[in-house]
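The structure under discussion appears below in the form of structure tokens.
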Amino acid sequence: MWAMPYHESLQPCADHAASHAVSANAQSDLLHKLYHKLLAHYGDPNWWPAASREEMMIGAILVQNVSWKNTVTALHLVRERFGFTFRALREAPLDELAACIRATRFYQSKAARLQAFSFWIEAQCGDDLDRLFARDAIELRRHLLSAPGIGPETADDILLYAAELPSFVIDSYTKRIMRRIAIGPERDTYEAWRSFFMERLPADVLLYNRYHALIDQLGSQVCRASRPLCTACPLKTCCTYARSQSSAD
DNA sequence: TTCCGGATCG
DNA sequence: CGATCAGGAA
């Protein structure tokens with residue numbers, strides 16, 4: 001029934017924790033269980049909210065290390081002033097672009113990176129995203145990682161939500177939630193976290209799409225960094241942190 | 001005042 | 001690795 005595990009087709013390095021077969025199965029069951037609890041609680045998150053792949057990719061750069069609410073403010077101003085085309089961003093005066101995205105913090109470096117990325121897109125595919133995304137998934141990920149302003153999380157955002165390839169996205173919410181639940185890879189690196197999920201979940205674009213969106217919803221509203229709302233958490237029965245919080249109160 | 005959804009450079 | 005970037009909400 002399940003598709004081939006994604007790491008066999010895209011993931012170059014294996015997570016060595018997977019060699020512990022018994023705990024790996026238990027961890028896989030838990031990851032599935034968490035997903036279904038989140039889906040039952042929140043419903044289909046319908047992420048990513050963008051009318052085009054270009055808008056999605058621009059939003060992915062703007063949202064780096066900033067709240068989505070502030071990103072929406074910036075996206076609105078960019079849409080009004082320039083529109084969501086890479087050509088428009090290439091031609092944009094940097095100071096005007098920076099002014100539009102001020103709400104997303106680090107706006108000067110982000111404006112420069114957004115423009116540099118737009119030039120990179122032109123050089124790679126002449127703004128034809130079908131051409132960019134046509135290449136092999138493994139190579140596409142490596143390629144995106146070589147683009148200016150694109151780190152591992154943003155690359156996976158683009159792979160999953162624009163190219164619609166099953167690449168699991170890891171962010172701070174993901175790590176915080178899973179750490180509190182007490183599940184995760186041994187090595188604390190981006191690739192180890194990503195492999196941890198991909199080796200235990202089927203390579204399903206819709207599953208990865210919804211899972212990450214649901215994690216973000218929980219992480220921003222409930223499983224916050226400070227003063228998390230454990231009593232209202234849909235995952236509290238699975239979470240050691242929530243239990244320690246309720247016993248402490 | 002403190003905290004907070006990354007990427008890059010040295 | 002640590003430093004840097006530098007707004008908005010609480």
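In what follows, every chain begins at residue 1, and chains take the letters A, B, ... in the order their sequences are listed.
Using a 4.5 Å cut-off between side-chain heavy atoms of Ile, Leu, Val, Met, Phe, Trp and Tyr, with links allowed through other members, A:Leu77 and A:Val72 fall into different hydrophobic clusters.
A:Asp216 comes within contact range of at least one nucleobase, with a heavy-atom separation under 4.0 Å. Among the protein residues, A:Thr154 comes within range of the sugar-phosphate backbone only, with heavy atoms under 4.0 Å from sugar or phosphate atoms but none that close to a base. Across all strands, A:Ala147 comes closer than 4.0 Å only to sugar-phosphate atoms, never to a base (heavy-atom distances).
As a whole-Å value, the separation of A:Tyr190 OH from B:dG6 C1' is 11 Å. As rounded to whole Å, 14 Å separates atom C1' of C:dA10 from atom CG of A:Leu229. Between the CG atom of A:Leu62 and the P atom of C:dG7 there is a distance of 15 Å, given to the nearest Å. Atom CD of A:Glu153 is separated from atom C1' of B:dC4 by 13 Å (rounded to the nearest Å). When the P atom of C:dT4 is taken as reference, atom CG of A:Asn65 falls 16 Å away, rounded to whole Å. Residue A:Ile150 contributes atom CD1, which lies 14 Å from atom P of B:dG6 at whole-angstrom precision. C:dA9 atom P lies 16 Å from atom CH2 of A:Trp68, rounded to whole Å. When rounded to the nearest whole Å, the span between CG of A:Asp157 and P of B:dG6 equals 9 Å.
For the pair A:Thr240 (side chain) and A:Arg180 (backbone), a donor-acceptor distance under 3.5 Å is present.
Set against B:dC3, C:dG8, B:dA7, the side chain of A:Ala225 has B:dC3 as its closest nucleotide. Taking every side-chain heavy atom of A:Ser226 into account, B:dC4 is the closest of C:dA10, B:dC4, B:dA7.
Checked against the 6.0 Å centroid threshold, A:Tyr190 and A:Trp193 do not count as a close aromatic pair. Aromatic rings from A:Tyr211 and A:Phe168 are positioned such that their centres are separated by under 6.0 Å.
Looking at every heavy atom in both residues, A:Pro185 comes nearest to A:Ala192 through CB-O, 3.6 Å.
Shown here are the salt bridge (Lys or Arg N to Asp or Glu O under 4.0 Å) partners of A:Asp44, two or more places apart in sequence or in another chain: A:Arg210. The salt bridge (Lys or Arg N to Asp or Glu O under 4.0 Å) test applied to A:Asp95 returns no partner, not counting sequence neighbours.
Against DNA chain B, the stretch residues 85-112 of chain A makes heavy-atom approaches under 4.0 Å through A:Arg105, A:Phe106. Contacts with DNA chain B (heavy atom under 4.0 Å) in residues 114-123 of chain A: none are found. Across residues 42-50 of chain A, not one residue has a non-hydrogen atom less than 4.0 Å from an atom of DNA chain B.
A:Asp171 and A:His212 are linked by a side-chain donor-acceptor pair at a separation below 3.5 angstrom, with hydrogens and angles left out of the test. In this model, a donor atom of one side chain and an acceptor atom of the other lie less than 3.5 Å apart for A:Gln64 and A:Thr154. Of the N and O atoms on the side chains of A:Trp48 and A:Asp157, not one donor lies less than 3.5 Å from an acceptor on the other residue.
Taking the nucleotide of DNA chain C with the nearest heavy atom to each of A:Arg227 and A:Val66, the more 5' of the two is matched to A:Val66.
Counting only residues at least two apart or in different chains, salt bridge (charged side-chain N to carboxylate O under 4.0 Å, His left out) contacts with residues 77-92 of chain A comprise A:Glu55-A:Arg79, A:Arg81-A:Glu96, A:Arg87-A:Glu91, A:Arg90-A:Glu122, A:Arg90-A:Asp127.
Salt bridge status for A:Asp136 with A:Arg142: absent, with no side-chain N to carboxylate O gap under 4.0 Å.
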